[in-house]
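Letters A, B, ... are given to chains in the order of the sequence lines, protein chains preceding strands, and every chain is numbered from 1. Basis for what follows: all heavy atoms, side chains included, without hydrogens, waters or symmetry-related copies.
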There are 2 protein chains.
Amino acid sequence: MGNSVATGFAQAELIAVLAAVTANEPRVMTVQAGKALPSGPFESSHRSLQAGLRDWVESQTGHPVGFLEQLYTFADGDRDPGAGTGMRRISISYLGLVREQAAPGAGQPEWHGWYEYFPWEDRRDGADDRAGGLDRIAASLTAWADSQPHLRAERHQRVDFTFGLNGMDWNEDLVLQRYELMYEAALIPEAGGQPGFGQPMQGDHRRILATGIARLRAKIKYRPVAFEIMPGSFTLLQLQRTVEALVGLSLHKSNFRRQIDQQELIEETGETTAETRGRPAMLFRYRPSVLEARQMAGTRLPISRS
Amino acid sequence: MGNSVATGFAQAELIAVLAAVTANEPRVMTVQAGKALPSGPFESSHRSLQAGLRDWVESQTGHPVGFLEQLYTFADGDRDPGAGTGMRRISISYLGLVREQAAPGAGQPEWHGWYEYFPWEDRRDGADDRAGGLDRIAASLTAWADSQPHLRAERHQRVDFTFGLNGMDWNEDLVLQRYELMYEAALIPEAGGQPGFGQPMQGDHRRILATGIARLRAKIKYRPVAFEIMPGSFTLLQLQRTVEALVGLSLHKSNFRRQIDQQELIEETGETTAETRGRPAMLFRYRPSVLEARQMAGTRLPISRS
DNA sequence: TTGACATAAACTCACTTTGAGCATAATCCT
DNA sequence: AGGATTATGCTCAAAGTGAGTTTATGTCAA
C-alpha cells in the first residue's frame, strides 16, 4: 500500500443470498440443483454493485427485492484454495429479501429450505431433533476437543458457548461461528471432513449462506426487516411464524404481540381472516410512515441528559 | 450472472479506517496531509484480505491491530464518477482499532482528530457548539427542505429525525445518514457543494470514514471493542472518557460504572493511580477470559422457554 | 342446536433493567 | 485544618420483560 501504484487486478464476482419464507419455512435461491448460490461476474455495465444486483435479481425472480444489503467480500485464499494463476478472484456477497418465491417455471431458479444446509439451526418446538442431530454434533465436537490434551479446556469452553451446551444458552445469532467450529473439527465435507451434517455446497457457498442467515437473525432484532418478506396484509400469528422461521426459535405469543405493537410498526386493515379454525384474526399492514423513525432502535448507553 | 462466464475484471484496492484515541480525542490515520485515508492496491501476494491489511498496518503504525473488521466494498459508479475506461475499480474498506498512535517520525503517517472532518458529530458537554455548527447546518437543511414544496414535509421529517431536531432525540449512530443528507443538500464540497462544514477529503474518503465511525459507535454498545483501544490498565474514568470520545456524547458516571461491572469484563489490578487531584482511582484491566462468552450480548426476542 | 375445540386478544404480576441523583470516602492544595 | 476534587457506593422510581391467565369469537362434528 502506501505509494505503490502496482498491480492489484482481480476478477470480481457477485454472489447473492436471496431469502424468502414460504409455508413457515425459510428458503434460499439456488442454482445447480441446490449445490450453489446464484452468482456471476460483475459487469462494467452495472451502474453500481447494488443497482446491478437488484436489476438482476428482479428479472430472475419476478418480484421486487425489498431489502438488499452487502454481506461480505472474500478474496480466495481466505479459504478457497483457488487457482495459482496470479489473478485473484474477489467475491462480493449480498443478502436480499424477497416477498414470495417465483412460480416454478422453465429455467426458473430453484429454492431450497435453508435448514437443509444447517439442520441444527432449526430449534423451533416442532423441529425434528434427530434431523438437527445436535447430539451427534456434540459428540463429535467433544471427541475433537479431547483429541488435543493441551487445548482441551479451551475447546470445550468454545464448544459449549457456541452450541449452548452444559448450561449455556443457545444463541441463535452464532450461525457462522457454529459452522466455522464444525469446519475446524472436520465435520464439514467442504473441508474434507465427514459428510452427514447438512447438505454441502460448492466452494464456500455454505459459509456465505451461514453469514447471510447470521446477519438476518441479528438484524431482525433491531430493524423491521421481517416485513420485507411478508405479504401486504397478514395476521399477527403469521408474522410471528415468519420471524420464528428465520430465527429458528419458538417465541412467546403474547410478549411477541406486545413487542410488535408498542413499536407501532403496524396498523389494522379493518378486515379479518377466516384462517382455519378458531376465532378469526385481525389483519394488519405495515406502516411505512414510521419506518424511518423506527429504523434504528436504540442505544444501550447510559447517556447523561443534563 | 447465471451461466455467463464473461469479463468481470476490476482493479482492487484496500482502504483503511484506523482509529485510536489519544488525550480523549478520537483520531484517524491519514495520508496526504489529512486529505486521504491510507489505501493501496490489493496484492496477489497477500494470503487474504484481512491478513494482508493487518501486516501492512502493523508495519506502518508499529503497534498491533487489536480489532480489524471489513466495512464495505464500493465500486466506483456508486458515487465517484470514475473513469470510463471499462475497467472498474473496487474499493474494499476496513475498520481497525489501534492502541496508541505511533510516535511521529519521518515518513510516518499522520493522525487527525476525526471531528475535524465531522465537527457536528461531537456532542460531548465540553464540545464547542459553534465548531459543530449544528445551527448553521439546521438552517441550511431547512432551506433545502423548503426549496421543493412537494417534498417539504418528507424532507423536514427526515432532517428532524436524522439530526435530532424539533423534539426528536439525537441518535449518535446515524453518522453516515447525516453525511449523506448533507451531501444531498449540497453542503459538502465533495459533492460540489459549499465548503464550511468540516474538512473535506479526497474522493469519497470522508464517506468511508463516516461509515467507519458509524460502525464503531454501533458496535461499542454490544461488544467490548473499547478495550482494544485502551492501554493495559486504566481507571474507570479513563474508560468512560474513551467511550465518550468515540460516541461523541457525555455519559452518566455511575450508570456507566454499573453497566461495566455487571458485564464482568474487567477486574481490579490491585493498584491505584494518583492522577491529578481527588481520591486516587483503582486501576482495572480487561479480562480476556470472559471475552468469548460476553462477545455477543443478547437478543431482544421474546423467546418461549418451555 | 349444542358443546368441544381452537385461536385471538386483553390483562395481570413478579422481576429485572434503566435513568437520575444523593451520600460517603480518600486524596491534594493552601 | 479545611476546602476542593475525584472515586465509589447506594437508593428509588419508572420502564421494560418473562410467563401466565382470562375472556372473546369463531369452526366443526355429533
Side-chain angles (χ1 to χ4, degrees), chain A residues 24 125-126 169-172 221-222 233-244 247 249-285 294 297-306, chain B residues 24 125-126 169-172 221-222 233-244 247 249-285 294 297-306:
Chain A
N24 296 335
D125 285 347
D169 284 339
W170 173 264
N171 182 337
E172 70 281 1
K221 271 147 220 153
Y222 61 96
S233 77
F234 47 84
T235 68
L236 289 175
L237 189 58
Q238 283 165 354
L239 178 62
Q240 183 182 342
R241 293 287 178 244
T242 300
V243 174
E244 288 175 336
V247 298
L249 289 172
S250 295
L251 304 180
H252 189 277
K253 190 161 169 173
S254 26
N255 292 345
F256 177 80
R257 283 151 184 260
R258 176 174 58 192
Q259 201 178 76
I260 292 296
D261 80 31
Q262 80 189 22
Q263 295 192 93
E264 299 185 301
L265 288 169
I266 60 177
E267 62 193 4
E268 298 182 22
T269 65
E271 323 249 314
T272 62
T273 183
E275 280 276 276
T276 39
R277 289 183 289 258
R279 172 173 171 177
M282 292 192 284
L283 281 171
F284 292 84
R285 81 168 68 87
R294 297 287 165 180
T299 165
R300 292 284 155 191
L301 285 177
I303 295 171
S304 108
R305 315 177 197 279
S306 55
Chain B
N24 296 336
D125 284 348
D169 284 339
W170 173 265
N171 182 336
E172 71 281 1
K221 272 147 219 151
Y222 61 96
S233 77
F234 46 84
T235 69
L236 289 175
L237 188 59
Q238 282 166 355
L239 178 62
Q240 182 181 342
R241 294 285 178 244
T242 301
V243 174
E244 288 176 337
V247 297
L249 288 173
S250 295
L251 305 181
H252 183 119
K253 190 161 170 172
S254 25
N255 292 346
F256 177 79
R257 284 152 183 262
R258 176 174 59 192
Q259 200 179 78
I260 292 296
D261 81 30
Q262 80 190 22
Q263 295 192 94
E264 299 186 300
L265 288 169
I266 60 177
E267 61 192 5
E268 299 182 21
T269 65
E271 323 249 314
T272 63
T273 182
E275 281 277 276
T276 38
R277 291 185 288 258
R279 173 175 171 176
M282 290 192 285
L283 281 170
F284 293 83
R285 81 167 69 88
R294 297 286 164 181
T299 165
R300 291 286 155 189
L301 284 177
I303 295 171
S304 107
R305 315 177 199 278
S306 55

- Item | Value in whole Å for how far the C1' atom of C/dA9 lies from CD of A/Gln259 | 17 Å

- Item | B/Thr269 side-chain N/O to B/Leu283 backbone N/O, donor-acceptor pair under 3.5 Å | yes

- 5' priority, DNA chain C, between A/Asn255 and A/Arg277 [closest heavy atom]: A/Arg277

- Rounded to whole Å, the CZ-C1' distance (A/Arg279 to D/dC28) equals 19 Å

- For A/Gln240 and C/dA9, give me the distance from atom CD to atom P, rounded to whole Å. 12 Å

- Message: Test your reading of the model: is there a side-chain donor-acceptor pair from A/Glu268 to the backbone of A/Phe284, 3.5 Å cut-off?
- Response: no

- Minimum-distance nucleotide (side-chain atoms of B/Leu237 versus D/dA7, D/dT8, C/dT7): D/dA7

- Short N-O contact, B/Glu172 and B/Lys221, less than 4.0 angstrom: yes

- Query: Taking CG from A/Leu283 and C1' from C/dA8, how many angstroms apart are they, rounded to a whole number?
  - Reply: 12 Å

- Do any N or O atoms from the side chain of B/Ser250 and from the backbone of B/Asp125 form a donor-acceptor pair under 3.5 angstrom? yes

- For C/dA9, take OP1 and OP2 only and decide whether either is under 4.0 Å from a side-chain N or O of A/Arg257. yes

- Item | B/Pro302 side chain, from C-beta outward: closest of D/dT8, D/dG18, C/dT7 | D/dG18

- Message: For D/dT17 and A/Gln262 - does any side-chain N or O of the residue sit under 4.0 Å from the phosphate oxygens OP1/OP2?
- Response: yes

- Task: Round to the nearest Å and state the distance from A/Ile266 atom CD1 to C/dA8 atom P.
- Result: 13 Å

- Task: Scan B/Thr235 against the nucleic acid and name what it touches under 4.0 Å (heavy atoms): base, sugar-phosphate only, or nothing.
- Result: nothing

- Pairs under 3.5 Å (Watson-Crick or G-U), crossing ones as [ ], inter-strand ones as |: DNA chain C comes out as ||||||||||||||||||||||||||||||

- Give a yes or no on whether the backbone of A/Thr235 and the side-chain of A/Gln238 come within a donor-acceptor separation of less than 3.5 Å. yes

- Whole Å only: how far is the CG atom of B/Asp261 from the C1' atom of D/dG9? 11 Å

- Message: Nearest whole Å is fine: how far is D/dG16 P from A/Ile260 CD1?
- Response: 16 Å

- Could you state the atom-to-atom distance from CZ of A/Phe256 to P of D/dT17 in whole Å? 14 Å

- Could you check A/Gln259 against A/Gln263 for side-chain hydrogen bond (donor to acceptor under 3.5 Å, both in side chains), going step by step and ending with a plain yes or no? CA-CA 6 Å; A/Gln259 201 178 76; A/Gln263 295 192 93; 4.8 Å; no

- Could you pick out which residue, A/Ala281 or A/Arg258, lies toward the 5' side of DNA chain C when each is mapped onto its nearest nucleotide? A/Ala281

- Query: DNA chain D: B/Ser254 or B/Gly278, which has the more 5' nearest nucleotide?
  - Reply: B/Gly278

- Do the side chain of B/Ser233 and the main chain of B/Arg285 share a donor and acceptor less than 3.5 angstrom apart? no

